[in-house]
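Read the numbers this way: they start at 1 and go in the same order the structure lists the ligands and their atoms. All values below were derived from every heavy atom in this structure, side-chain atoms included, with hydrogens, water molecules and symmetry-related copies excluded. Quantities reported herein were computed from a predicted structural model and do not represent experimental measurements.
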Amino acid sequence: MTCTFHTALTIAGSDPSGGAGIQVDLKTFAEVGVWGMAVVTALTAQSANRVSGVWTMERHVVREQISTLLEDITPGAVKTGMLSTDEIIQAVVQTLPDNIPLVVDPVMISTSGHRLLEDSAIKSMKEVLLPRATVVTPNIPEAEGLAGIKITDDASMIEAGMKIQELGAGVVVVKGGHGTGVESVDLLIDSNGVTRLTSPRMPYQVHGSGCCFSAAVTGFLAQGYGVDESCRLGKEIVSKAIREAIAGTGGMRMVNPGGVQ
Ligand code: PXL
């Protein structure tokens, strides 16, 4: 039986600050109008300014969280965020049914510089997770890591995206948030070529923007929008959440889907 409402699942780490991870994913799912579900891969202790600890779930804990919720609800789309280890990547790929659209946000390092994916897991991300992905959403450092090339301009951004697509991902969105220029330009690369997704660049970095974008894309896929349209609408959602970003007393801004004042 399928549900009468649209549902989306995030498989990601917890960020208690509410600025990234499953907390932002769930806010974003609510913002785009889908029933949000969350499987936790790791607990972190962090604020928007720093990560002080990471505790990774054992693989069977991740597997059991996914398989039990699947007994009742088949999500319309799934996203992955922080996966931490090779074991968790394997557990996710083995437990998720093949026919559910999957958005992979290849989280590697937090905005504050903390490692969120073991180096040894990058191989399985490339070999088993990306071939299963409907959409992959690397930022520039992640695209460099996955493609093995340095990105210096639009041409190398496209080259990196094409190399990642060759790993088996359907669509790659290389996010230009770490670049420069008055516009923040993301490049969507698929078998038809390259599409530019643009928004005005805000003069600040925001904690959690990658989580918000990939969750928004997942939420639109879950509602039946096509992949390109989901990415375009996702860019609108994250741009608004960045415009409305708010900061704690440490000053680092956090993405704000839902626009809390
Ligand atoms: O923004 C990447 C990210 C994803 N998931 C968790 C995080 C972060 C960044 O800090 O903490 C749990």
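Two residues are said to be in side-chain contact when any heavy atoms from C-beta on lie closer than 4.5 Å; M252 and Q205 meet this criterion. Here the side chains of M108 and P141 are not in contact, with every heavy-atom distance at 4.5 Å or above.
Under a 4.0 angstrom heavy-atom cut-off, H114 registers as lying outside contact with ligand 1.
Under 4.0 Å is where a charged nitrogen must lie from a carboxylate oxygen, and between E236 and R232 at least one such pair does.
Scanning all protein heavy atoms for the shortest distance to atom 11 (O) of ligand 1 gives Q46 NE2, 2.4 Å. With respect to atom 9 (C) of ligand 1, the closest heavy atom belonging to the protein is S110 CB, 3.5 Å.
With hydrogens and angles ignored, the 3.5 Å screen pairs no side-chain donor or acceptor of D15 with any backbone N or O of G21.
Atom numbering of ligand 1 starts at 1 in the shown order; those under 4.0 Å from a heavy atom of M82 are 5 (N), 12 (C). Heavy-atom proximity to L116, at under 4.0 Å, picks out these atoms of ligand 1: 3 (C), 7 (C), 8 (C), 9 (C). Every atom of ligand 1 is numbered from 1 in the order shown, and the set under 4.0 Å from a heavy atom of G13 is 12 (C). Within ligand 1, counting atoms from 1 as listed, the ones closer than 4.0 Å to a heavy atom of C211 are 1 (O), 2 (C), 3 (C), 4 (C).
Of the candidates L129, V92, L83, L129 is the only one forming a side-chain contact (heavy atoms from CB on, under 4.5 Å) with V104.
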Fill in: Stepwise side-chain contact (heavy atoms from CB on, under 4.5 Å) test for D154 and R196
CA-CA 10 Å; D154 268 19; R196 293 164 70 86; 3.0 Å; yes

